[in-house]
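It should be emphasised that the depicted structure is a prediction, and the values quoted were computed from it without experimental measurement.
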Amino acid sequence: MAKDNVMFLSYFMGRNTPLYGGKNKVKIVPVREIKKGDTCNTLSLRFPNHASTHIDLPSHFLKKGKTLSDFSAPFWVFDNVQLLSVKLGSKKEINKSRLKNLNQQTDLLLIKTSFGKNRPKAVYYKDYPYFSQELAGYLKKRMPSLRAVGFDCISISSPKYRREGRRAHHEFLKRGIILIEDMKLGVLKKSPDRVIVSPLLIKGADGVPATVFAISSR
């Protein structure tokens, strides 16, 4: 398959990466530098595990939920991907009325709100789209093979609707629907043929940054 048919659906992590709540910062500090006479270049990295494009696993909100260690490699390959574009209302709520023409065979649903264009601005982590709590059950009923939902905002939980956000997390994760937050979906015009999610392998983690690849045929 040609290289130009493979694209990143993840953002590069950097010092200016927006984080939930806007409180923390990604820290990338040079440890060794060739230009300063060292024999090699190395970096020291510090960031929360829910930073940049990342996945939420069941243990993030469920006491006995699965961690990253409980998922085998094949889980992260999705061959029935559906991309849905959503027009946001004034409340920015993503609910079942906004998701139409669902494909029953879908194993990964990508929800494109186009809110990613605001990523360099404070509004991206202060006032962004959020998911209603009933959406998880609605999607699972209509998409029994659904294993993950990805979207182009920083979290399914908004600072303005924290209680709703906590409930939405619970509803998705208890059904085994993994969440992929802060995705780069503006590059997609149609549903890709395959998506591969490559999580940072941290044992027992409740969530980790991930590199996501979209693969499409010509």
*Leu108 and Val208: same hydrophobic cluster, using ILVMFWY side-chain contacts below 4.5 Å?*
yes
*For the atom pair SG (Cys153) and NZ (Lys92), what is the distance rounded to the nearest 0.5 Å?*
11.0 Å
*So, the side chain of Ser69 versus the backbone of Lys203: is there a donor-acceptor pair under 3.5 Å, distance only?*
no
*Which residues, ordered by chain and number, are linked to Tyr161 in its hydrophobic cluster, where ILVMFWY side chains connect at heavy-atom gaps below 4.5 Å, directly or through other members?*
Tyr130
*Ignoring hydrogens and geometry, is there a side-chain-to-backbone donor-acceptor pair from Asp79 to Arg194 under 3.5 Å?*
no
*asked:* Under the criterion side chain to side chain contact (heavy atoms under 4.5 Å, CB included), I'd like the reasoning laid out for Leu200 against Leu68: C-alpha separation, chi angles, the key distance, then a yes or no.
replied: CA-CA 9 Å; Leu200 181 61; Leu68 181 61; over 6 Å; no
*For His169 and Leu62, what are the C-alpha separation, side-chain angles and deciding distance, and is it a side chain to side chain contact (heavy atoms under 4.5 Å, CB included)?*
CA-CA 9 Å; His169 271 100; Leu62 306 176; over 6 Å; no
_Same apolar cluster: Phe151 and Tyr128, side chain cutoff 4.5 Å_ = yes
*Decide if atom NZ of Lys66 counts as having more than 12 heavy atoms of other residues, nucleotides or ligands within a radius under 6.0 Å.*
no
_Ala210 to Ser10 - nearest heavy-atom pair and separation_ = O-OG, 2.9 Å
*Quick one: OG on Ser155 to CD on Glu181, what's the gap to the nearest 0.5 Å?*
4.0 Å
*Is the shortest heavy-atom distance from the side chain of Asn103 to the side chain of Asn80 under 4.5 Å?*
no
_Tell me the closest heavy-atom pair linking Leu19 and Ala51, and the distance in Å._
CD2-CB, 3.6 Å
*To the nearest 0.5 Å, what is the distance between CG (Leu9) and CG (Asp182)?*
12.0 Å
_Within one Ile-Leu-Val-Met-Phe-Trp-Tyr cluster: Ile94 and Leu84, side-chain cutoff 4.5 Å_ = yes
Would you give me the side-chain donor-acceptor pairs under 3.5 Å for residues 139-146, sequence neighbours excluded?
residue: Lys140; atom: NZ; partner: Pro144; partner atom: O; Å: 3.4
residue: Lys140; atom: NZ; partner: Leu146; partner atom: O; Å: 2.8
residue: Arg142; atom: NH1; partner: Tyr138; partner atom: O; Å: 3.4

Below 3.5 Å, can you tabulate the donor-acceptor pairs from side chains in residues 27-38 to any protein atom, sequence neighbours excluded?
residue: Glu33; atom: OE2; partner: Lys36; partner atom: NZ; Å: 3.1
residue: Asp38; atom: OD2; partner: Glu33; partner atom: N; Å: 2.8

_Between Val197 and Val212, is the side chain to side chain contact (heavy atoms under 4.5 Å, CB included) condition met? List the steps._
CA-CA 4 Å; Val197 179; Val212 184; 4.2 Å; yes
*Kindly give the heavy-atom pair with the smallest separation between Ile178 and Asp56, and that separation in Å.*
CG2-O, 3.4 Å
_Minimum side-chain heavy-atom gap Phe78-Pro192 below 4.5 Å_ = no
*Taking side chain as C-beta onward, heavy atoms only, is Pro48 less than 4.5 Å from Tyr20?*
no
*Counting heavy atoms not belonging to Gln104, are there more than 12 under 6.0 Å from its CD?*
no
*asked:* Checking Phe131 against Val149 for the side chain to side chain contact (heavy atoms under 4.5 Å, CB included) test, could you report, in this order, the C-alpha distance in whole Å, the side-chain angles of both residues, the deciding distance, and whether it holds?
replied: CA-CA 11 Å; Phe131 285 41; Val149 173; 4.1 Å; yes
*Out of curiosity, does Phe172 fall in the hydrophobic cluster containing Val86 (side-chain heavy atoms, cut-off under 4.5 Å, transitive links)?*
yes
*What distance separates Glu164 CD from Glu93 CD, expressed to the nearest 0.5 Å?*
6.0 Å
*Are the charged groups of Glu171 and Arg167 less than 4.0 angstrom apart, N to O?*
no
*Looking only at non-hydrogen atoms, find the nearest pair between Tyr125 and Pro18 and report the distance.*
CD2-CB, 4.3 Å
*Cation-pi check, Lys184 to Phe8: give yes when NZ or CZ is under 6.0 Å from the six-membered ring centre and within 45° of the ring axis, no otherwise.*
no
*Salt-bridge contact Asp107-Arg147 (side-chain N to carboxylate O under 4.0 Å)*: yes
*Cluster overlap Ile202 with Phe75, hydrophobic side-chain contacts below 4.5 Å*: yes
_I need the minimum non-hydrogen distance between Leu173 and Leu57, along with the two atoms involved._
CD1-O, 3.6 Å
*What orientation do Phe71 and Trp76 show, parallel under 30°, tilted 30 to 60°, or perpendicular over 60°?*
tilted
*Identify the heavy atoms of Leu188 and Ala214 that sit nearest to each other, and give their distance.*
CD2-CB, 4.2 Å
*Around atom NZ of Lys112, are there more than 12 heavy atoms of other residues, nucleotides or ligands at under 6.0 Å?*
yes
*Check whether the side chains of Asn49 and Asp206 place a donor and an acceptor atom closer than 3.5 Å, and report yes or no.*
yes
*asked:* Return the OG to CZ distance between Ser132 and Arg98, rounded to the nearest 0.5 Å.
replied: 10.0 Å
_Pairwise distance CG(Leu185) to CE(Met183) - rounded to 0.5 angstrom_ = 5.0 Å
